[in-house]
Amino acid sequence: MRRADVRRAWHRGLGVLISVVRWFGTAAAALLAVHVILTIGNANPDNGITKFVASWAEWLALGFQDLFMPADPKLEVLVNYGVAALFWLVIASLATRVLSALNRPSI
């Protein structure tokens with residue numbers, strides 16, 4: 001395999017990885033936001049969609065779900081899961097920047 005082919009495959013692979021990281025971070029933040037909306041909007045906790053979103057949100061919160069403990073349970077969900085959503089957006093942004101720097105063509 002020629003060196004140019006390897007370099008091209010490297011850049012293509014990193015491009016795919018950048019897209020996957022960006023989409024995963026955005027999807028995680030969106031799912032956490034949906035959980036906040038369902039909770040604040042008094043969605044039926046026994047509904048299948050609400051259960052599905054809540055189970056994934058719990059996993060994606062990464063320990064942020066009890067970071068702040070305000071008296072109002074809805075405010076607690078808003079703040080903690082909102083912080084978790086921002087965390088995913090920041091991490092995805094930083095990761096894509098690092099990967100993009102690695103993906104720059106050499107001169």
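For this chain, numbers begin at 1 and follow the sequence in order.
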- Task: Fit a plane to each ring of F24 and W88, take the angle between them on a 0 to 90° scale, and name the class: parallel (under 30°), tilted (30 to 60°) or perpendicular (over 60°).
- Result: perpendicular
- Passing candidate, side-chain hydrogen bond (donor to acceptor under 3.5 Å, both in side chains) with D5, options R3, R8, R7: R8
- Hey, is the main chain of L89 close enough, under 3.5 Å, to the side chain of S93 for a donor-acceptor pair? no
- Item | Interatomic distance, H11 atom NE2 to L102 atom CG [nearest 0.5 angstrom] | 10.0 Å
- Message: More than 12 heavy atoms of other residues, nucleotides or ligands under 6.0 Å from CG of L75: yes or no?
- Response: yes
- Item | Co-membership, hydrophobic cluster, residues L86 and V36, 4.5 Å side-chain | no
- When rounded to the nearest 0.5 angstrom, what distance separates CG in L17 from CZ in R12? 14.5 Å
- Shortest non-hydrogen pair, V83 vs F68, comes out as CG2-CE1, 4.2 Å
- At what distance, to the nearest 0.5 angstrom, does CG of L78 lie from CD1 of I37? 10.0 Å
- Check A61 against L32 and note the closest heavy-atom contact, atom names and distance. N-CD2, 4.3 Å
- Query: Is the backbone N or O of D46 less than 3.5 Å from a side-chain atom of T50, with the two atoms forming a donor-acceptor pair by type?
  - Reply: no
- Among the clusters formed by ILVMFWY side chains lying less than 4.5 Å apart, do W59 and V77 turn up in the same one? yes
- Task: Indicate, with yes or no, if I49 and F52 share a hydrophobic cluster defined by side-chain heavy-atom contacts under 4.5 Å among Ile, Leu, Val, Met, Phe, Trp and Tyr.
- Result: yes
- Message: Whether the side chain of N80 engages the backbone of E76 through a donor-acceptor N/O pair (distance < 3.5 Å, no angle test) should be reported.
- Response: yes
- When rounded to the nearest 0.5 angstrom, what distance separates CG in L14 from OG1 in T96? 12.0 Å
- Query: Which heavy atom of A92 sits nearest a heavy atom of G25, and at what distance?
  - Reply: CB-CA, 3.7 Å
- Is L99 reachable from I91 through a run of hydrophobic residues whose side-chain heavy atoms are each under 4.5 Å from the next? no
- Item | Nearest heavy-atom neighbours spanning A85 and A29 | O-CB, 3.6 Å
- Message: Quick check on the hydrophobic clustering: are L67 and L62 connected, directly or via other members, by side-chain heavy-atom contacts under 4.5 Å?
- Response: yes
- Non-hydrogen side-chain atoms of Y81 and E58 separated by less than 4.5 Å: yes
